[in-house]
Amino acid sequence: MATATVGKDQDTVVSEIEISAPPERVFQALIDSKQLMQWWNSEQCRSKSWQIEPRKGGRWHYETEPSGLVVNGVSEFKVGGEILEYDPPRLLAYSWIANWHDDPNATTVVRWELNKAGPRTRVKVTHSGLTNLPVSRKDYSGGWPGVVDSLKKFVES
């Protein structure tokens, strides 16, 4: 199971995992809306929609069904932004503007780095810009490990 580390400056949450698949396969799971709907999902937080334009400057958007999970008074989660870096199959970064942030107008950044490790892929996701979002930072430190674990299970199945 993946874990998360909060940076000493309280600005980042980093989660890492190794997946038994080549980077090309893992990257496809990160940029294909149909695949995202399958794995970026949980009993607690069901996906309602996933849209992504896989290119630099492309837009993306994700929404959940109403949930029993509540963060900053929000139980129906909506997040989206713009793809800032796009270098298949090793790098994907996008802005992240979420309705459950302490400040719903705050823009943070999620950066996926994929590195070949023999027959496996080492995945590192870094969520930055969290210094002034203490409630959200705590939520992400618990949430990102579940996201990367789901990615691993999906890609390896």
Side-chain angles (χ1 to χ4, degrees), residues 1-7 11-67 69 71 74 76-101 106-130 133 136-137 139-157:
M1 183 169 166
T3 59
T5 306
V6 176
D11 187 64
T12 60
V13 171
V14 177
S15 192
E16 297 182 75
I17 200 162
E18 280 201 6
I19 299 177
S20 294
E24 293 80 8
R25 171 66 191 103
V26 177
F27 198 83
Q28 277 303 307
L30 294 174
I31 63 164
D32 180 273
S33 295
K34 288 180 184 174
Q35 291 183 53
L36 283 157
M37 279 295 290
Q38 292 177 50
W39 70 265
W40 196 306
N41 221 336
S42 71
E43 288 295 320
Q44 197 174 33
C45 208
R46 291 242 168 252
S47 294
K48 181 177 179 180
S49 70
W50 246 112
Q51 298 150 3
I52 187 167
E53 299 172 309
R55 62 179 173 76
K56 186 173 181 180
R59 306 295 300 170
W60 74 276
H61 183 79
Y62 165 69
E63 289 186 36
T64 70
E65 299 289 346
S67 166
L69 179 66
V71 180
V74 175
E76 193 169 344
F77 305 101
K78 298 176 184 179
V79 61
E82 178 183 346
I83 296 177
L84 305 172
E85 295 178 82
Y86 187 78
D87 184 11
R90 58 170 217 86
L91 179 64
L92 174 66
Y94 39 75
S95 59
W96 178 281
I97 304 166
N99 70 332
W100 67 89
H101 278 170
T107 299
T108 60
V109 174
V110 172
R111 190 170 202 266
W112 296 88
E113 298 172 73
L114 283 61
N115 291 295
K116 190 167 178 55
R120 302 167 67 87
T121 300
R122 184 170 294 117
V123 176
K124 176 181 177 182
V125 61
T126 304
H127 195 156
S128 61
L130 303 171
L133 303 169
S136 300
R137 181 177 54 248
D139 181 59
Y140 292 132
S141 67
W144 280 115
V147 171
V148 297
D149 282 339
S150 292
L151 173 62
K152 176 183 174 72
K153 286 177 193 161
F154 176 76
V155 171
E156 290 182 353
S157 65

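Just so we're clear, the structure is a prediction, and the values are computed from it rather than from any experiment. If you read the sequence from its start, that first residue is 1, and numbering goes on from there.
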With side chain to side chain contact (heavy atoms under 4.5 Å, CB included) as the test, would you mind laying out the steps for Ser95 and Leu84 before giving the verdict?
-> CA-CA 7 Å; Ser95 59; Leu84 305 172; 4.3 Å; yes

Taking the side chain as every heavy atom from C-beta outward, state whether Glu16 and Val148 have any pair of such atoms under 4.5 Å apart.
->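 Counting from C-beta outward, Glu16 and Val148 never come under 4.5 Å.
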
Are the side chains of Trp40 and Ser150 in touch, meaning some heavy atoms are under 4.5 Å apart?
->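 Answer no - side chains too far apart.
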
Quick check for you: to the nearest 0.5 Å, what is the distance between [X] atom [atom1] and [Y] atom [atom2]?
| X | Y | atom1 | atom2 | result |
| --- | --- | --- | --- | --- |
| Asp139 | Phe77 | CG | CZ | 7.0 Å |
| Arg137 | His101 | CZ | NE2 | 11.0 Å |
| Leu30 | Leu151 | CG | CG | 5.5 Å |
| Ser136 | Leu130 | OG | CG | 7.5 Å |
| Glu85 | Arg90 | CD | CZ | 8.0 Å |
| Lys153 | Ile17 | NZ | CD1 | 8.5 Å |

Report the C-alpha separation of Ile52 and Ile83 in whole Å, then their side-chain angles, then the decisive distance to 0.1 Å, and conclude whether the side chain to side chain contact (heavy atoms under 4.5 Å, CB included) test is met.
-> CA-CA 9 Å; Ile52 187 167; Ile83 296 177; 4.0 Å; yes

Tell me every residue that passes side-chain hydrogen bond (donor to acceptor under 3.5 Å, both in side chains) with [X], counting only those two or more places apart in sequence or in another chain.
| X | result |
| --- | --- |
| Trp39 | none |
| Asp11 | Thr131 |
| Tyr94 | Trp112 |

Knowing that exactly one of Leu92, Val125, Leu91 qualifies, which makes a side chain to side chain contact (heavy atoms under 4.5 Å, CB included) with Arg111?
->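 Running side chain to side chain contact (heavy atoms under 4.5 Å, CB included) over Leu92, Val125, Leu91 with Arg111 returns exactly one hit, Leu91.
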
Answer yes or no: are there more than 12 heavy-atom neighbours, outside Lys56 itself, under 6.0 Å from its atom NZ?
->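 No, because the 6.0 Å sphere around NZ of Lys56 holds 12 heavy atoms or fewer from other groups.
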
For Arg120, does the CZ atom have more than 12 heavy-atom neighbours from other residues, nucleotides or ligands under 6.0 Å away?
->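 Atom CZ in Arg120 is packed in, count exceeds 12.
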
Take Val79 and Trp60, measure what side chain to side chain contact (heavy atoms under 4.5 Å, CB included) needs, and give me the verdict at the end.
-> CA-CA 8 Å; Val79 61; Trp60 74 276; 3.7 Å; yes

Between Tyr86 and Ile31, is a side chain to side chain contact (heavy atoms under 4.5 Å, CB included) present by the stated rule, with each step listed?
-> CA-CA 10 Å; Tyr86 187 78; Ile31 63 164; 3.5 Å; yes

Main-chain N/O of Val14 paired to Thr126 side chain as donor or acceptor, under 3.5 Å =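 Side chain of Thr126 to backbone of Val14: no pair is present.
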
Could you tell me whether the side chain of Ser67 and the main chain of Gln44 form a donor-acceptor pair under 3.5 Å?
->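 Yes.
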
Which atoms form the tightest heavy-atom contact between Trp100 and Lys78, and what is the distance?
->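 Scanning both residues completely, I find the closest heavy atoms to be CZ3-O, 3.7 Å.
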
Measure across Pro23 and Thr121 and return the closest heavy-atom pair with its distance rounded to 0.1 Å.
->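 Nearest heavy atoms, Pro23 then Thr121: N-OG1, 2.9 Å.
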
Centroid-to-centroid, Trp96 to Trp144, below 6.0 Å?
->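 Yes, they do, as the ring centres are separated by less than 6.0 Å.
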
